[in-house]
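Notes for the one structure printed next.
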4 protein chains.
Amino acid sequence: MALSDDVESHVSDKDLIARRRRQIVNAAVKLFSKQGYAGTTVQQISKQAGVSTGLVYQYFGDKDDILFLALKQVLDTYEHDIPPQYADLDHPLERLFAALRAYCTVVHTLRDATVLAYRATKSLPLNRRIYIENAEIRTNRIFRDLLDECVAQGLMKAPDLELLTYQFVLFSHAWALKQWAFSGKYDLDSYVEAGGKLLIEPFLTGNGRAYWNTL
Amino acid sequence: MALSDDVESHVSDKDLIARRRRQIVNAAVKLFSKQGYAGTTVQQISKQAGVSTGLVYQYFGDKDDILFLALKQVLDTYEHDIPPQYADLDHPLERLFAALRAYCTVVHTLRDATVLAYRATKSLPLNRRIYIENAEIRTNRIFRDLLDECVAQGLMKAPDLELLTYQFVLFSHAWALKQWAFSGKYDLDSYVEAGGKLLIEPFLTGNGRAYWNTL
Amino acid sequence: MALSDDVESHVSDKDLIARRRRQIVNAAVKLFSKQGYAGTTVQQISKQAGVSTGLVYQYFGDKDDILFLALKQVLDTYEHDIPPQYADLDHPLERLFAALRAYCTVVHTLRDATVLAYRATKSLPLNRRIYIENAEIRTNRIFRDLLDECVAQGLMKAPDLELLTYQFVLFSHAWALKQWAFSGKYDLDSYVEAGGKLLIEPFLTGNGRAYWNTL
Amino acid sequence: MALSDDVESHVSDKDLIARRRRQIVNAAVKLFSKQGYAGTTVQQISKQAGVSTGLVYQYFGDKDDILFLALKQVLDTYEHDIPPQYADLDHPLERLFAALRAYCTVVHTLRDATVLAYRATKSLPLNRRIYIENAEIRTNRIFRDLLDECVAQGLMKAPDLELLTYQFVLFSHAWALKQWAFSGKYDLDSYVEAGGKLLIEPFLTGNGRAYWNTL
DNA sequence: AATGAATGAGCTTTCATTCAT
DNA sequence: GATGAATGAAAGCTCATTCAT
């Protein structure tokens, strides 16, 4: 992380800094998600976090900083919460499907924050936007690597792995972005099942299909 | 369109109203797309449109009205510009693919505005948000009907047509939403080609594949 | 009337000027009375008068002009409508009481406009305020002269005719100013009767009382 | 006082709230009195009060709130300052006359604010206007009770105590409302004396007159 | 380290006034 | 003479940021 991406603080105790920032960012994510970035005031954030307005400015340089760390935290959650959910599994196809389920589940948990990421990233200054975009690319990498693994083992075959990866990502994000369209028609489980049928099944090889049917 | 969705104007000449609104909305779309809704001032809009600040309020009730008409205009463009581009074609598969190309092309033309639609719809009051969402559903219907046609003629077969429709839509939108990831790797044409391979080819029946290969 | 009190017009036909001004002032009085001077827009006045906004500025220099003429018209109505209602009567006491009834009746008719005169006179520039105040003094003169007549003929006797005159005026104005307090307790007739008992009876001489009782 | 009449503040310290509000209301009364409510800007008020514009909005919800509290303060002053000035006196007639003097004196002190009350009450929303009107009725009660006392003790006799009460009130208010007419002819003392002669003397009984002449 | 009252630039919106037709 | 679309200065109000305590 480049220096320019650092968020400055006027406080020295490292632990305190971490704790306070978490406290404030959590409050911010909640409010940004509901009301948007511009629609949320620093006063509201401090109140929600249970601290004074002035304190916020001892841990963040300005309001943009809060947004940046809020988005970063969302992306970090993706990156940290998904891998453990397929790490124990052995078979690549199982791992891929588990990852899809895990991604959708995290998106479900962070529904509002996911929408926030779509809405607000553009509000960041360029260098920070790039940082966030790179974090997303790292998350995408998860699917890409699992797909590569499946292809390498002759289980899948796809014309364009790069784009297929994005379809996995978009499919997961859509669960949050298009809540209004999906709620009532699908629950999370059936949505993930359908995802498997659209994004994995069609690209299975004979071997792949053989294993897939045993799941 | 319900009355409550109407945007009032203090001017009587119908033609003038239409012209002025177009002029102002065009300026607004440009600025909203770049700077976001909240980040754009009415002063900036009026300046960009080449009119006075006060004039804006003779054609729009408030700033929200401008956003609403801006989004409506984007959605209307989708709805009006896509169908003509496959209307002349006879074969369902050809029509479907042409529609995908058309949608991606419109998205390409309205790149910034498409991103705007994702970012700003949540800023609308409920009844207007619903209006915009319904407009999106009508646009989705385009793909859905074409897919149904293909299935009815035994050319395609998919486990979940509803979700597959959304994959078409998301794929098209992604061209705008993920510009930063795709530009440099794809041009519009190759993107559309790859889309055909991911979203159509895997779901072709034998008959469908036979025809597809002749395209 | 001093030149500085003149209201300028860009139109030459004298009759037209008078007609248009009346038309616009009538609309203004109606609106000013209901919404106050500052709460009324020139656009509303022109609409109420059934003319274009621009036309107003061909007959009035600015919005203040309209207020001035509106107030002037109210005061003029007082001045012109009251005297005829006691002119035919011969006895001074009868004339005085008839004048009180007439004043209260005009106030009743112009309730809102009377309140307007109290609220808005201070909004005028000094020279115009003075003009209006002089018009009010002329109206007060009506009571003063009638009282003087009664005193001269030995019908009344009061310690301070100047202030008693003002009590007559205030009593009449109060019917409009304190509507909220009086409506429900008095109707116009009983109010006037009570006025006679408070403002005339106590100041009658023996002769005066003798005649008064015959009324 | 109903909740709906409360004026909200974003500040918690009770003492500070009271002090700031007084500070701002005092400035507002001064300006409103001179320039009217609509003719006074919040910027002017804040400048006159020696605080920033934003601060005003931490102690008042909007400009209307300032007007309401300003008027309320004027009415409260009436209610609190008059009674102590006759409380020590024993004789009802003396008390009545002292009250008249006190009322006129308070009106004199609050000349501009009294005019403001006449001009601006109509600018208030209905529930607040009613609150102010009720406060005025409570003030009127002062005269009414004193008059009743005089009548009960056989000192006075009047045809309509309700209206006579209003004549006392109007007479007092007139000192402010008609400054332009009275200044030069009366000073406060002679005005009050004349008031006694017009509003008390004529309604004295024999007993009343006997005592009155000893004053 | 923490508070929260105070600031003031900048926003949306209104409306008296003008002027081309 | 009459129109009404157009103007833009100025208003009310918000809120990111500061700073004395």
Side-chain angles (χ1 to χ4, degrees), chain A residues 9-13 16-17 20 38-47 50-66, chain B residues 9-13 16-17 19-20 38-47 50-64 66, chain C residues 9-13 16-17 20 38-47 50-66, chain D residues 9-13 16-17 19-20 38-47 50-64 66:
Chain A
S9 162
H10 297 135
V11 179
S12 42
D13 181 324
L16 184 57
I17 294 179
R20 287 297 199 197
T40 302
T41 70
V42 175
Q43 266 88 354
Q44 288 174 326
I45 296 172
S46 60
K47 190 172 184 181
V51 300
S52 69
T53 311
L55 193 73
V56 171
Y57 284 86
Q58 296 199 321
Y59 294 94
F60 296 87
D62 58 20
K63 197 186 169 191
D64 276 346
D65 273 359
I66 309 176
Chain B
S9 164
H10 296 133
V11 177
S12 42
D13 184 313
L16 183 56
I17 292 180
R19 200 171 72 248
R20 286 297 198 197
T40 302
T41 71
V42 175
Q43 304 258 354
Q44 289 173 328
I45 295 171
S46 60
K47 191 172 182 181
V51 299
S52 68
T53 313
L55 193 72
V56 172
Y57 286 89
Q58 296 208 322
Y59 295 93
F60 296 87
D62 56 20
K63 199 186 168 191
D64 275 347
I66 309 177
Chain C
S9 162
H10 297 136
V11 179
S12 42
D13 182 322
L16 184 54
I17 293 180
R20 286 298 198 194
T40 302
T41 70
V42 175
Q43 267 88 356
Q44 289 173 328
I45 295 171
S46 60
K47 191 171 182 182
V51 301
S52 69
T53 311
L55 193 72
V56 172
Y57 284 86
Q58 297 200 321
Y59 294 93
F60 296 87
D62 55 21
K63 196 188 170 191
D64 276 345
D65 273 359
I66 309 176
Chain D
S9 163
H10 297 133
V11 177
S12 41
D13 184 313
L16 183 57
I17 292 180
R19 202 172 69 247
R20 287 295 198 198
T40 302
T41 71
V42 175
Q43 304 258 353
Q44 289 173 327
I45 296 172
S46 60
K47 191 172 182 182
V51 300
S52 67
T53 313
L55 193 73
V56 172
Y57 286 91
Q58 295 208 323
Y59 295 93
F60 297 88
D62 56 20
K63 199 187 168 192
D64 275 346
I66 308 177

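To find a chain, count down the sequence lines: A is the first, B the second, and so on, and within it residues start at 1. Owing to the predicted nature of the structure, the values given are computational and were not obtained by experimental measurement.
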Do the side chains of Y59(B) and I66(B) get nearer than 4.5 Å, heavy atoms only?
no
Base-pairing string, 5' to 3', of DNA chain E - Watson-Crick or wobble, under 3.5 Å, | interstrand:
.||||||||||||||||||||
Calculate, to the nearest 0.5 Å, the distance between atoms NZ and OG belonging to K47(A) and S52(A) respectively.
14.0 Å
Could you state the CD1-P distance from I45(C) to dC15(E), rounded to the nearest angstrom?
12 Å
Rounding to a whole Å, what distance do you find between I17(B):CD1 and dA6(F):P?
10 Å
Just call it for F60(C): base, sugar-phosphate, or nothing, with non-hydrogen atoms closer than 4.0 Å on any strand.
nothing
Quick one: is S52(A) getting a side-chain N or O under 4.0 Å of the dT3(E) phosphate, OP1 or OP2?
yes
Let me spell it out: for each of V51(C) and T41(D), pick the nucleotide of DNA chain F with the closest heavy atom. Which residue's pick is nearer the 5' end?
V51(C)
Within the 4.0 Å heavy-atom criterion, would you say S46(D) contacts the bases, only the backbone, or no part of the nucleic acid?
nothing
Atom pairs under 3.5 Å, N or O on each side, protein against nucleotides 17-21 of chain E: can you list them with distances?
{"unit_1": "dT17(E)", "atom_1": "OP2", "unit_2": "Y57(C)", "atom_2": "OH", "d": "2.9"}
{"unit_1": "dT17(E)", "atom_1": "OP2", "unit_2": "K63(C)", "atom_2": "N", "d": "3.0"}
{"unit_1": "dT17(E)", "atom_1": "O4", "unit_2": "Q43(C)", "atom_2": "NE2", "d": "3.2"}

Mapping A38(B) and G39(C) to their closest nucleotides on DNA chain E, which lands nearer the 5' end?
A38(B)
Could you tell me how far apart Y59(B) (OH) and dA5(F) (P) are, to the nearest whole angstrom?
6 Å
Would you find a donor on one side and an acceptor on the other, under 3.5 Å apart, between the side chain of Q44(A) and the backbone of T41(A)?
yes
Min side-chain heavy-atom separation V42(C)-Y57(C) under 4.5 Å:
yes
Counterpart residues, side chain to side chain donor-acceptor pair (under 3.5 Å), relative to T40(B) (two or more places apart)
Q35(B)
CD1-CD distance between I17(C) and Q58(C), expressed to the nearest 0.5 angstrom:
10.5 Å
G50(A) or T40(C): which one's nearest nucleotide on DNA chain E is closer to the 5' end?
G50(A)
Here the distance between atom C1' of dC15(F) and atom CD of Q44(A), to the nearest Å, is 10 Å
Is any side-chain N or O of R20(A) closer than 4.0 Å to OP1 or OP2 of dA1(E)?
no
Any side-chain heavy atom of V51(B) sitting closer than 4.5 Å to one from R20(B)?
yes
